[in-house]
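Below you'll find the structure, written out as structure tokens, and then a few comments.
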Amino acid sequence: MFAFLGIMKHRGYIKDYQVFDPHRVGKITVELAGRIKDCKALTYRQDIKANRIEEYVQRALPTRQWGYVVITTPNGVLDHEEAIRQNVGGQVLGYFH
């Protein structure tokens with residue numbers, strides 16, 4: 001969850017987030033930047049190969065100009081652009097635009 005929010009913050013979709021009591025169930029407060037139209041976390045993890053990421057992005061996002069697909073890889077949690085740049089695949093966590 002924190003890595004997903006970190007990517008959203010890095011890409012400018014949220015301003016900041018704070019975690020209260022992270023050792024238990026806790027609570028997360030997110031300060032929105034007003035740019036989010038849709039944000040989905042997938043309950044089923046889809047495996048995706050590095051050469052198939054672009055096809056998945058075309059299906060999941062409305063256009064190439066907006067949004068990111070978040071993928072957990074052996075190199076950590078990355079957005080689809082960074083995963084393509086590093087040529088790694090993994091499992092799709094969700095997307096936002």
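Here the shortest heavy-atom pairing between Ile53 and Val88 reads CD1-O, 3.5 Å. Closest approach of Leu78 to Ile7, counting heavy atoms only: C-CD1, 3.7 Å. For the pair Gly67 and His97, the tightest heavy-atom approach, listed with the atom from each and the gap, is CA-CB, 3.5 Å. The nearest pair of heavy atoms linking Gly89 to Pro74 is O-CD, 3.5 Å.
Of the possible donor and acceptor atoms, none in the side chain of Tyr95 sits under 3.5 Å from a partner among the backbone N and O of Val57. Between the side chain of His80 and the backbone N or O of Val69, at least one donor-acceptor pair lies under 3.5 Å.
Residues Glu81 and Arg11 are paired through a salt bridge, judged by an N-O separation under 4.0 Å between the basic side chain and the carboxylate.
Using a 4.5 Å cut-off on side-chain heavy atoms (C-beta onward), Asp47 and Arg45 make no contact. The side-chain heavy atoms of Ile84 and Glu54, taken from C-beta on, include a pair separated by under 4.5 Å. The closest side-chain heavy-atom distance from Trp66 to Leu61 is not below 4.5 Å.
Using the six-membered ring where Trp is involved, Phe4 and Phe96 have ring planes that are perpendicular, over 60° apart on the 30 and 60° scheme.
Cluster membership for Val77 and Val92, using ILVMFWY side-chain heavy atoms within less than 4.5 angstrom, is not shared.
Around atom CZ of Arg52, no more than 12 heavy atoms belonging to other residues, nucleotides or ligands sit under 6.0 Å away.
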Practice problem: Step by step, work out the side chain to side chain contact (heavy atoms under 4.5 Å, CB included) result for Glu31 and Ile14. | Solution: CA-CA 6 Å; Glu31 186 178 350; Ile14 62 174; over 6 Å; no
